[in-house]
Amino acid sequence: MPEVIDNNLQILEMEYMPLAQMIEMMEQREQLHYKSSFSFEPYLNAVDTKMHSACPNTKGALIPIIENTSKYIEKEDNLDALLESVHFQTLVSLVVPSMFFKDDRSFICAPFKKKVLVSTPAHEELLDPEKWEIKIPTEKILENKNHSFCQAGTHILNTFYGQDLDMFNGFMITLRNKQNNMERYYQLSFKLDFVEVVALKDLPKLSQETINMLIANLGDEDLWLKHLPADHFAFKGFSTGHFYDVSEIETLSRMKQWLNEDGDDKQPHEFLAELTSYMQSFLNRSEVQAGTIMTEYEDLHRNQITSLTKLPKESILGEDDARLSGVGIYGEMARLEDAIVIENLSSLKNPSIAEKALMKNGIQSIVLAPIVNNHHNVISVLEVGSPKPNDFNASTLKKLTEVLDVLKMGYEKYMTDIENRITGLIQQKYTSIHPSVQWKFQDVAMKHLTSAIYKDEDLTPDSIVFHDVYPLYAQSDIVGSSKLRNEAIQADLIKNLKLLSDLLTKLFRKKNLPLLDAHLVKVNKVLRKIEENFVSNDETSIVNMIVKEINPFLLKLSKRHKSLMGKAYSKYVSALDPELGIVYEQRKAFETSVNQLNSKISNFLEADNNELQKSLPHYFEKYKTDGVEYNMYIGKDITENGDFDYDDLRNFRLWQLINTCEIVRLVEDTKPKLATSLDTASLIFVYNHALSIRFRMDEKRFDVDGAYNVRYEILKKRIDKAYVKGKDERLTLSGKIAIVYLSEQDKNEYLQFFEYLIEKGYIENNIEDLELDKLQGAEGLKALRVTVI
């Protein structure tokens with residue numbers, strides 16, 4: 001087939017090509033060599049074989065249809081006439097009931113033939129050449145492989161030679177809408193359940209060595225035809241195909257890969273153009289726009305304005321502290337330190353300058369997501385806007401959660417990159433290298449020097465990658481931490497306002513100052529409001545009123561009228577935190593309790609893991625939030641001597657279970673000693689595939705490597721919010737351990753572990769087998785849950 005490629009070499013210079021042209025080119029390249037005919041016979045035989053086990057109702061419904069159609073359907077000599085037959089349509093509706101589903105992209109064709117005989121409306125729309133163009137799979141074109149022939153050959157090997165090959169499912173295609181240039185990703189899957197291969201002559205004798213040679217040379221048609229001649233085999237039946245929309249998960253994978261690529265000098269507008277493209281694909285909305293506001297290292301961008309408002313940062317978030325000086329929706333977002341959605345900007349009363357600017361620029365619905373550093377300052381803001389009112393809502397925000405997490409990692413990487421480059425520049429230009437790492441720099445410098453002397457290519461430091469390692473993840477999360485925090489804040493504010501009210505009342509009785517009365521009225525009004533309904537974003541405005549308005553006024557009075565203020569004022573001041581200037585009792589108790597509990601769990605985990613390190617070296621990292629979570633990676637590649645087998649993985653998994661039980665017990669023992677009573681919910685994620693991790697030099701940490709392994713990170717983040725299917729009940733509950741798994745093999749392994757834990761008195765003999773509600777991009781997840789004694 002080289003001449004086909006020669007005639008189409010010009011397409012290799014294109015990024016996309018018309019879909020019709022691509023289909024035509026692929027059809028030209030396909031030559032099956034083996035005889036292939038459409039037939040319902042294999043399907044009817046399969047139905048007849050399984051009919052004996054069907055229930056009476058199913059038999060009663062199917063037998064008349066099968067009998068009344070099968071005696072006609074195979075008598076049609078002309079395929080075109082067969083396609084028009086009523087009997088054909090009847091059987092098709094049984095074979096592919098999904099033909100009736102709106103979004104199912106399915107089709108039927110003769111064995112290993114490209115011509116589609118029957119397809120669903122959604123499939124026809126997907127391959128509409130007027131609407132779509134396809135991304136050029138250059139590597140597939142250059143390899144010049146006849147996929148239909150390869151599929152047929154491997155089907156022969158599977159049928160007659162005891163092989164189990166499945167090399168052609170999961171093929172990904174990228175389509176771009178010709179009207180709006182938006183990309184969508186689809187995965188193609190073929191089913192050969194009703195394709196029968198018939199041996200027309202005696203089977204050629206093939207050794208396993210010959211079979212392996214054929215598999216290693218899939219593109220060599222002459223070699224395959226030599227060992228499996230075309231006149232020895234024929235195919236009949238039909239194959240079914242399905243296109244699955246994987247745009248969301250693929251967009252996430254590509255976005256993470258894109259953000260991890262080197263691109264330090266990319267201009268902000270170039271970055272936004274790519275980001276906008278990803279957001280459009282993920283949300284399936286071509287009109288979506290993305291913007292950003294950078295509040296750190298602004299000079300690097302030469303004051304370029306990249307916000308959807310087209311305004312400078314100062315007009316949106318304020319001059320200094322973004323948490324306090326921002327107004328409107330941007331101020332609310334900054335104070336909440338969390339993403340918010342505004343369904344309809346036109347419905348806002350008294351819109352701010354930024355909100356007016358958004359509407360002027362055609363934005364009617366918007367999502368704002370802050371990136372917040374450890375000092376609770378907003379260092380960047382992501383904007384996702386739409387010109388349509390009510391285009392975004394709470395469900396959109398939930399859907400975007402994973403995208404925002406990926407983007408946050410990208411922003412953090414970007415900030416770390418800049419900091420590392422600044423540090424490197426300082427070390428290079430102004431300081432000497434620290435002694436503790438000088439040896440490594442000397443080694444690298446020596447390699448570069450040697451390379452330069454001998455005129456070799458310049459060397460870069462070797463990447464640090466561990467392949468085929470198994471991840472273990474667990475968390476002990478404080479139950480209802482946000483609610484407890486808000487309740488503590490509310491209690492402190494109420495006490496502060498009551499003390500103020502009492503003090504202002506006494507002072508006003510002594511001295512008739514109108515401003516005292518005005519402050520008193522304001523304090524009582526706010527007090528009534530938060531006693532009835534406290535909203536977390538009220539905190540900042542109330543604290544500002546107390547700290548920046550009323551307390552300074554009282555301080556001035558105390559200096560001018562010492563006799564007036566007296567003990568009442570001293571009593572009030574003594575109730576305030578000396579650093580914060582407000583009542584800080586309940587929240588302090590809560591935060592102290594959280595820190596104490598986190599430290600207890602963290603220290604126990606660290607000590608236990610140190611002992612485990614002695615049995616087998618492994619990578620371990622933990623994080624403190626409102627609770628403690630950790631990642632572990634184990635495998636042959638991490639151990640220096642390569643000593644690792646599956647029993648080591650089983651040992652680590654059992655250790656993790658026991659360790660989590662001990663943490664639950666530790667929490668129960670610690671609770672009575674805390675100023676605020678806290679509970680934790682425990683979660684373990686069992687991932688049954690090995691993956692690779694790479695040390696990110698810019699981030700100074702290990703991360704899952706490759707787009708295909710990102711699914712682990714995505715699932716890990718989503719299961720934390722999972723609910724039990726059919727119930728309004730969270731998977732994670734206080735005093736229990738939830739184990740989310742992906743395979744029955746893992747389930748059986750953990751059931752064996754539970755028998756041991758029951759005997760050892762760690763858990764109750766009451767194992768819950770649960771199915772989880774559908775999660776975005778992941779459905780059918782299951783979990784086991786046990787109660788710790």
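Just the heavy atoms: all of them, side chains too, but no hydrogens, waters or symmetry mates, feed the values below. For reference, positions follow the sequence shown, starting with 1.
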Contact check, side chains of [X] and [Y], non-hydrogen atoms, under 4.5 Å:
X      : Y      : result
Glu531 : Ile494 : yes
Thr292 : Leu272 : yes
Leu407 : Leu275 : yes
Leu678 : Thr680 : no
Asn496 : Ile542 : no
Thr306 : Phe271 : no
Glu668 : Val788 : no
Phe590 : Asp492 : no

Within the side chain of [X], is there an N or O that forms a donor-acceptor pair under 3.5 Å with the backbone of [Y]?
X      : Y      : answer
Asn598 : Gly627 : yes
Asp577 : Ile582 : no
Asp538 : Phe534 : no
Asn659 : Trp655 : no
Ser307 : Ile293 : no
Asn609 : Leu612 : no
Ser476 : Ser682 : no
Gln586 : Ala491 : no
Thr787 : Glu764 : no
Glu355 : Ile329 : yes

Taking only Lys NZ, Arg NE, NH1 and NH2, and the carboxylate oxygens of Asp or Glu, determine whether [X] and [Y] approach each other closer than 4.0 Å.
X      : Y      : answer
Lys717 : Glu713 : no
Asp669 : Lys600 : no
Arg785 : Glu729 : yes
Arg485 : Glu539 : no
Lys256 : Glu402 : no

Should we count [atom1] of [X] as having more than 12 external heavy atoms under 6.0 Å?
X      : atom1 : result
Asn610 : CG    : yes
Lys622 : NZ    : yes
Glu579 : CD    : no
Lys624 : NZ    : yes
Ile353 : CD1   : no
Lys506 : NZ    : no
Lys495 : NZ    : no

Atom pair [atom1] ([X]) and [atom2] ([Y]), whose distance is rounded to the nearest 0.5 Å:
X      : Y      : atom1 : atom2 : result
Leu497 : Met545 : CG    : CE    : 5.0 Å
Tyr633 : Glu621 : OH    : CD    : 6.0 Å
Leu400 : Met279 : CG    : CE    : 4.5 Å
Asp679 : Lys671 : CG    : NZ    : 3.5 Å
Glu332 : Ser536 : CD    : OG    : 8.5 Å
Leu605 : Thr660 : CG    : OG1   : 8.5 Å

Closest heavy-atom contact between [X] and [Y]?
X      : Y      : answer
Ala369 : Leu404 : CB-CD2, 3.6 Å
Leu576 : Val583 : CD2-N, 3.8 Å
Ala783 : Leu772 : CB-CD2, 4.1 Å
Ala738 : Leu731 : CB-CG, 3.6 Å
Ala354 : Leu311 : CA-CD1, 3.9 Å
Pro351 : Met359 : CB-CE, 4.1 Å

Take Tyr630 and Gln656, measure what side-chain contact (heavy atoms from CB on, under 4.5 Å) needs, and give me the verdict at the end. CA-CA 11 Å; Tyr630 66 83; Gln656 185 182 52; 3.0 Å; yes
Would you tell me whether Glu662 and Tyr762 have side-chain atoms, one donor and one acceptor, within less than 3.5 Å of each other?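 On atom types as modelled, these side chains qualify, holding a pair under 3.5 Å.
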Looking at residues at least two apart in the chain, or sitting in another chain, which of them share a salt bridge (charged side-chain N to carboxylate O under 4.0 Å, His left out) with Lys588?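 By the salt bridge (charged side-chain N to carboxylate O under 4.0 Å, His left out) rule, Lys588 matches no residue at all.
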Please determine whether side-chain contact (heavy atoms from CB on, under 4.5 Å) holds for the pair Val384 and Leu283, giving the CA-CA distance in whole Å, both sets of side-chain angles, and the decisive distance to 0.1 Å. CA-CA 11 Å; Val384 183; Leu283 294 172; 4.3 Å; yes
Candidates Ile316, Leu317, Ile371 - the one meeting side chain to side chain contact (heavy atoms under 4.5 Å, CB included) with Val381: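 Of all the options given, the one that passes is Leu317.
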Could you walk me through whether Met565 and Tyr572 pass the side-chain contact (heavy atoms from CB on, under 4.5 Å) check? CA-CA 10 Å; Met565 305 302 284; Tyr572 169 72; over 6 Å; no
What verdict does the side-chain contact (heavy atoms from CB on, under 4.5 Å) test give for Thr625 and Ile478, after you've listed the backbone C-alpha separation in whole Å, the side-chain angles of each residue and the deciding distance to 0.1 Å? CA-CA 9 Å; Thr625 52; Ile478 293 175; over 6 Å; no
